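For reference, the structure discussed in these notes is given below.
Basis for what follows: all heavy atoms, side chains included, without hydrogens, waters or symmetry-related copies. Remember, predicted model here, so these are calculated numbers, not experimental data.
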Amino acid sequence: MKSAFQLSLIFLMVALLSVVSAAQSNDQSHQPTIIVLNSNPEFNVELGLHGVYELDLEKKIDLKGARQYEHWKSVGQVEVDGFDLAPDARPDGFERLPVWFFAKIKNGENRAGTWRLDTRVEVFNKINIFLVRENGKIDVLLEHSVDDSYSSRPVPGRHISADLNLDPGEQAEIYIHYSGLFHEAISPTISNLDYFYKQRRNDQTISMLYVGLALAAAAFTLLLSSFFGRWISLTFIAYLLCSVGLYLGLTGRLVPYFFPNNQLFAAKVWDTLFYPLLATMVMFGQALIDLKKNAPRYNLLVRAFIGMCAVYSILNFAKPLNSSTWLNFFGYSVLPIFCVLHLTTCWIGVKTRQKGGIPFAISGLIFIALTIAMFFLPTSLTSDFIALHTAHYPLIVLMVSETTAFAVAMAIRAGGVKKERDLAIAAELQSAQDKLHLSEKLRNTETEYERVRLQSNKRRDQLTSVSHDLLQPLTSLRSAIANNMTEDKDKAVEMGQALDYLESLAKENLGANKSGSKQSSKLPDENFSAHIVTDNIARMFKPEAEAKGLEFEYSPLTGMVKTDPVDLMRVLSNLVSNAIKHTEEGRIVLSGHKTEKGLKISVKDTGPGMSEEEIETYLAPYEKGSKSKGTGLGLHLVKTKSDEQGYKFEIESTPGKGTCASVLIEGND
């Protein structure tokens, strides 16, 4: 990349030096040097290296006036280009002025000979070639304009040419008066007929090879569009077709077949096709580098340039060829704008490390370097070298270089995409295998779940059976207590209430776990006085507290509640039981009071207390302290039953000072 950039700078410096030297050489009058012709089969000479020229500023100089003109300017290079050699003489920046070119020739053989004068230009606005012999006779070798048909050319071929005959040792003068369509540059040569036809064959071979390879590349890309990417493939194919069409048009190869009688229309077609070519190159870079993703704002600028090229192509085709309008300013600015955009896209591709970005960047530098070479490289080097220029070979080199770089960039990008696709497929395969293993584990889990469910049902049936079996002994026990504890009636009442609680638990469990039963285990709510439950709790747990040396304080509650009495009994029983278990000294207080929202029942102890983290832990099932001998289900059951019944359960505890647990039964009088 660096060497290509340095080469482009060298070309630019040489071009500037040539312009300066050409300007200095045109300050004085010059005369042409005599070109000696011979019959060597390889004879070929560039007239521009030996002739002189002058612009026909007034467009009124005829052959007679040209022969009398004394202040000719030296061409000094292969191309005779009044447009570049005398830019200050043009009345505006776009008008094509006629040019007079003057050269002297001499037959160096001792026999008559025929040589071919080749302008190396496909179409002129107008051109006349005169041969002025030593005896003053004037031969009109060529009179041709863009309005003439292709068949009117004196020598068939894509270049406008003419033959000249000289007697042995004869000297003559050649005058060429022409005005161009696209530019004023011509690079006339005089060559032996054998050399001329050999060059034509070589030129045709190279052109056919280039066109064949380009079309083959387009077909190959179309067949593998799924591999390269559809949009990238389409832009690349569009670029190939535009480049082939532009090359065939500029070299005049399609005129005999498609526009033999309308060279002006053909010229407008090829002139317009240059802008779609630049647009397709920009579109290819846009697709390859994925500017929509990597540079969305810059992508809008690229899209605007593509749209401008499309609009200008239409307007350029509609306007008269080479007319001086504001459109010409845009036409001349397209190429610099394109170069800036092309290099910017290359830079983005390299910066973002896009696959294929480096070959694409190299193509950008090649394009800039060869463009500078074609437009600015001085043509005063050597005849053999610059003949390539006038034969449009640099255009082939440019397009082949760009096509090759584009193809390599596409291949690298497609290879990267394929690698990513393979990795994605491998990942997808691994995912499928993981899903298979997961499915197997799921089936095993379902099997284990079914086993546990059956075991759970079995245990449930056992529990139901035990609950059922408990009812009969409880009934017998109730009768025995009634018969044997007639003296201590208060004790009998206490034990009866405890038995009632056990009987209610057994009946509840029995009703909830009947095999195949789909009914809810929740019993209907009842309206009752809250003291009925709290009185029973006090009677049940007061002896246990006193036996442990604790005071048990209880104040009977007033007020009605609507809830399940059994669940309320279970909640309060667990709270009082926990308080007694974890309190070593002090007291247990069971109390209640009315609030705006309902009845709040509290159980307060003077035990060790709990931190907030411990409270969160002990609310989970089977979580208990290190000194606890319980199951770790008490607080969890209280929380679960409170949520089921709609109680608001709260715990306030201070480590070292005790705990207060309460339930709020809302909506009660």
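Taking the six-membered ring for Trp, Phe236 and Phe284 have ring centres closer than 6.0 Å.
Distance alone, capped at 3.5 Å, is enough to place a donor-acceptor pair between the Thr235 side chain and the Ile232 backbone. Side-chain atoms of Ser653 come within 3.5 Å of backbone N or O of Met610 as a donor-acceptor pair. For Asp605 (side chain) and Thr659 (main-chain N/O), a donor-acceptor pair under 3.5 Å exists by modelled atom type. Side chain of Asn294 to main chain of Asp290: a donor-acceptor pair is present (N/O by atom type, distance under 3.5 Å, no hydrogens or angles). In this structure, the side chain of Asp567 does not engage the main chain of Thr563 through any donor-acceptor pair within 3.5 Å. For Lys562 (side chain) and Phe528 (main-chain N/O), no donor-acceptor pair under 3.5 Å exists by modelled atom type. Side-chain atoms of Thr654 never come within 3.5 Å of backbone atoms of Lys657 as a donor-acceptor pair (strictly under, hydrogens ignored). Proximity of a side-chain donor or acceptor of His531 to a complementary backbone N or O of Pro556 within less than 3.5 Å is not detected. Judged purely by atom type and a 3.5 angstrom limit, Glu616 has no side-chain atom pairing as donor or acceptor with the backbone of Glu613. No donor-acceptor distance shorter than 3.5 angstrom exists from the side chain of Ser577 to the backbone of Asn574, with no hydrogens or angles considered.
Open room surrounds CD on Glu652; 12 or fewer heavy atoms of other groups in view lie less than 6.0 Å from it. For Glu440, the CD atom counts as densely surrounded, since its 6.0 Å shell holds more than 12 non-hydrogen atoms of other residues, nucleotides or ligands. Atom NZ of Lys548 sits in a crowded spot, with more than 12 heavy atoms from other residues, nucleotides or ligands closer than 6.0 Å.
Between Pro543 and Phe552 the shortest side-chain heavy-atom distance does not fall below 4.5 Å. Counting heavy atoms from C-beta outward, Leu635 and Ile651 have side chains that approach closer than 4.5 Å.
In summary, the side chains of Ser591 and Tyr554 do not present any donor paired with an acceptor at a separation below 3.5 Å, with no hydrogens or angles considered.
With respect to the salt-bridge test (charged N to carboxylate O, under 4.0 angstrom), the residues Glu650 and Lys648 qualify.
When each of Val576, Asn578, Val638, Ile537 is tested with Val603 by the rule side-chain contact (heavy atoms from CB on, under 4.5 Å), just one qualifies, namely Val576.
Shown here are the salt bridge (charged side-chain N to carboxylate O under 4.0 Å, His left out) partners of Lys351, two or more places apart in sequence or in another chain: there are none. Contacts of Tyr275 classified as ring-ring contact (aromatic ring centres under 6.0 Å, His included), with partners at least two apart in sequence or in another chain: Tyr312. With sequence neighbours left out, the salt bridge (charged side-chain N to carboxylate O under 4.0 Å, His left out) criterion links Glu553 to Arg587.
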